[in-house]
Amino acid sequence: MFRQPDGGGIGNYFNSLGNTLPEPNDAMDARFRALNADTLKKEFGGDGVFFNGPRRLVANTVTGMSWDGCKQRVIAGIPLNLDGVFEVPSLEKFVSGSLPTYRPMVSKRTSAMIFNAGETVYELITPEGAVYTMFSLSLKTDPENTIENLPTLSKRLTLPTGWQFRSRKLDNEMVLTANADSNPPNTVVLDQLEGNYQYNAGASAKK
């Protein structure tokens, strides 16, 4: 993460998606949880580090374009690629764990997340009627926040006034796309369990 003049932050985010992992998920989760922010700052620079996981992809399939020539960076045995950048309103709050939940944040990346027909998707709807579809969940604060437990997610979330949560079964395949150069930029929202939702321009708040 890098501090901006207005106190905000811009972060390069690294992801293991698409890479062959040397050990099962539980072992890789343990490696990730053992990472140290101060050690990483000394080795790689920057003004802060935010650990955005461990996570599980909710979409059935994802394709994306890695940055930096698809150069792989291996940290603690975890093979990572630079997949984009994101912006937050306050660097200090973000890296200290005070996340801006239920607040759209800019995420610049190029990707397509595919949800198969017949799948259930989980969505947040803003007071203005914008729909955000979950594409990954976090095991960071609650290791029991698994894909199997998603049907009970509505009971575990406390939404701000005017926000709605819904689940719906897809009649047809749905593709959630993002383009790093889009204008307006792609945005994402986090719930208080750090579930990650992307703006879904093709979804209606009424369906």
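Note that the coordinates shown come from a computational prediction; the quantities given were computed from them, not determined experimentally.
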Checklist entry - Say you draw a straight line from CG of Leu124 to CG of Leu157; how long is it, rounded to the nearest 0.5 Å? => result 7.0 Å
Checklist outcome for this item: For Gly84 and Arg109 the tightest heavy-atom approach is CA-CB, 4.3 Å
Next on the checklist: Quick one about Asn15 and Asn81 (side-chain donor to acceptor, distance below 3.5 Å, no hydrogens or angles considered), yes or no?
Outcome noted: no
Checklist entry - Between Arg56 and Asp29, is there a salt bridge with N-O shorter than 4.0 Å? => result yes
Next on the checklist: Could you check whether Asp191 and Tyr197, counting side-chain N and O atoms only, form a donor-acceptor pair closer than 3.5 Å?
Outcome noted: yes
Checklist entry - With the threshold set at 4.0 Å, does a side-chain nitrogen-carboxylate oxygen contact exist between Lys169 and Glu119? => result no
Next on the checklist: Could you report the tightest heavy-atom contact between Leu170 and Asn116, atom names first, then the distance?
Outcome noted: CD1-O, 3.7 Å
Item to check | Thr101 side chain to Gln192 side chain, donor-acceptor N/O pair below 3.5 angstrom | outcome: no
Checklist outcome for this item: OH of Tyr132 to CH2 of Trp163, rounded to nearest 0.5 Å, is 6.5 Å
Checklist entry - Among side-chain atoms of Arg55 and Ser136, is any donor-acceptor pair under 3.5 angstrom? => result yes
Next on the checklist: For Asn149 and Arg156, which I'm curious about, is there any donor-acceptor pair between the side chains at under 3.5 Å?
Outcome noted: no
Next on the checklist: Counting only heavy atoms from other residues, nucleotides and ligands, does the tally under 6.0 Å from CZ of Arg103 exceed 12?
Outcome noted: no
Checklist entry - Distance under 6.0 Å and angle within 45° of the ring axis: does Lys140 meet both against Phe50? => result yes
Checklist entry - Without hydrogens or angle criteria, can the side chains of Glu128 and Thr126 be said to hold a donor-acceptor pair below 3.5 Å? => result yes
